[in-house]
2 protein chains.
Amino acid sequence: MTMPPLTASFVLHFGEMGSRWGFNRTIGQVFALLVMSEEALTANDLSDSLGISRGNVSMAVKELQSWQLAKVMHRQGDRKEYYYPAGDIMALAIKVFEQRRKREVDPTLSVVRDILMEQPATPQDEYAQAKVREVHDLLESLSKWADDLQQLNPDSLQTLMKLGTRMGKVLEFKERLFSDAAAIEPESPKT
Amino acid sequence: MTMPPLTASFVLHFGEMGSRWGFNRTIGQVFALLVMSEEALTANDLSDSLGISRGNVSMAVKELQSWQLAKVMHRQGDRKEYYYPAGDIMALAIKVFEQRRKREVDPTLSVVRDILMEQPATPQDEYAQAKVREVHDLLESLSKWADDLQQLNPDSLQTLMKLGTRMGKVLEFKERLFSDAAAIEPESPKT
DNA sequence: TTAAAGTTTCAGAATTTTCTGAAACTTTAA
DNA sequence: TTAAAGTTTCAGAAAATTCTGAAACTTTAA
């Protein structure tokens, strides 16, 4: 089984990008090939098309299933497992995001929380802890925001992205109002 | 020069996370240490504190400067270079995002565009190209959105993140209106 | 039961990435 | 000029990651 040319170039590129996207070359290639294929593929199809070992394919599909990016199906009277992508492009992208946050943000958030529980031992530690708190606050709001966005259905997400700049305009206007108010009543108590 | 304990644990963690965040352990550690330090640090400070070679530090600070995450300063009557973080936590986070997009999304967008220029050679290629187009559209709106967000000043960003869920509610409401309208006038021409 | 058809595992090989440290280079000032 | 104080480079060593392929395992059906 050999890949049609356009598929091949996409698959190869996705393999190269794999490591930047948090998975390795093989996983990237397998994922891309599943997405590009109209039909579900067997482990042997993948192994042949990509020229990688059967064992490697096995690890890759396992990993993709753990990322919830691929699923398995069976065909009538056929014992082989057929792999296919777990949803449309949008759904897959959302899952990749979700997983990356889990791997990239959550562990840091947890370490950062532990550090904030500690008693600072030196003045430098006090400074460090203040910085860690900033990191904590930022990661936490980021994380919450991502949660919120993920609750949205894919269509709302699309809408939101299209909204883009206009959203920014609204916010800036709102903030200008606030700072004007502060300038007018400079001696009002801080709340 | 030895790091105070809280700093040390943060720095070590950041080193471990380094690779997931798109840079290696050393770069992660150097960056974290710069952020945690009240004073700017010399290459030797970094090398001593982190227990890594002078050459490695040199590469790391170079890389951090190329990411625009660190800057150099000099002190009166002192030839050494002193490194410090290029902005507050929020500004640094924004830069990390920007850089990651540049490294993770832009190359794919470019490959994807090339593929869309090609003439599909087989029916499979046609299917593949349709999928690639979906990927393209998604990446492009994502990229545009990120651009828009980056234009915002840090305070607006904070506000936006805090807005979180409520934003989603608004959008869902808006969409409900749309689909209701469609249900009421099912035979109206599509525009 | 047995064997055929398939999947998974994992030790070690291959590859890739990172790190060291010595040598080369640069800058400053005497 | 020269040398001291510093920085950078890069070949090869070390470490980490990925991949292979043979053996072990599982499932199904005759």
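All values below come from the heavy atoms of this structure, side chains included, with hydrogens, waters and symmetry mates left out. For clarity, every value in this text was computed on a predicted model and none was experimentally measured.
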Problem set entry | Results of side chain to side chain donor-acceptor pair (under 3.5 Å) for A:S47 - residues two or more places apart only | none
For this session: Take B:G51 and A:G55, find for each the nucleotide of DNA chain C with the closest heavy atom, and name the residue whose nucleotide sits nearer the 5' end.
Result: A:G55
Problem set entry | Geometric class of the A:F14/A:F23 ring pair [parallel <30°, tilted 30-60°, perpendicular >60°] | parallel
Exercise. Applying a 3.5 Å limit to both distances, which nucleotide forms a Watson-Crick or G-U wobble pair with C:dT17?
Worked result: D:dA14
Exercise. Are any of B:K62's side-chain N or O atoms less than 4.0 Å away from OP1 or OP2 of D:dT7?
Worked result: no
Exercise. What nucleotide, of D:dG6, D:dT20, C:dC19, holds the atom closest to the side chain of A:S53?
Worked result: D:dT20
For this session: Would you indicate, yes or no, if D:dA4 has its OP1 or OP2 atom less than 4.0 angstrom from a side-chain nitrogen or oxygen of B:R79?
Result: no
Exercise. What is the base-pairing partner of D:dG21, counting Watson-Crick and G-U wobble geometry with both distances under 3.5 Å?
Worked result: C:dC10
For this session: Could you let me know what D:dA5 is paired to, Watson-Crick or G-U wobble, both distances under 3.5 Å, or none if it's on its own?
Result: C:dT26
Exercise. What nucleic acid atoms does A:T26 come within less than 4.0 Å of, heavy atoms only: base, sugar-phosphate, or nothing?
Worked result: sugar-phosphate
Exercise. Just wondering, do B:T42 and B:E81 contact through their side chains at under 4.5 Å, heavy atoms?
Worked result: no
Exercise. Does B:R54 place a side-chain N or O at less than 4.0 Å from the phosphate oxygens OP1/OP2 of D:dT7?
Worked result: yes
Problem set entry | Residue-phosphate contact under 4.0 Å: A:N24 side-chain N/O, D:dC19 OP1/OP2 | yes
Problem set entry | Note: B:E134-B:K131 ion pair, threshold 4.0 Å (strictly below) | yes
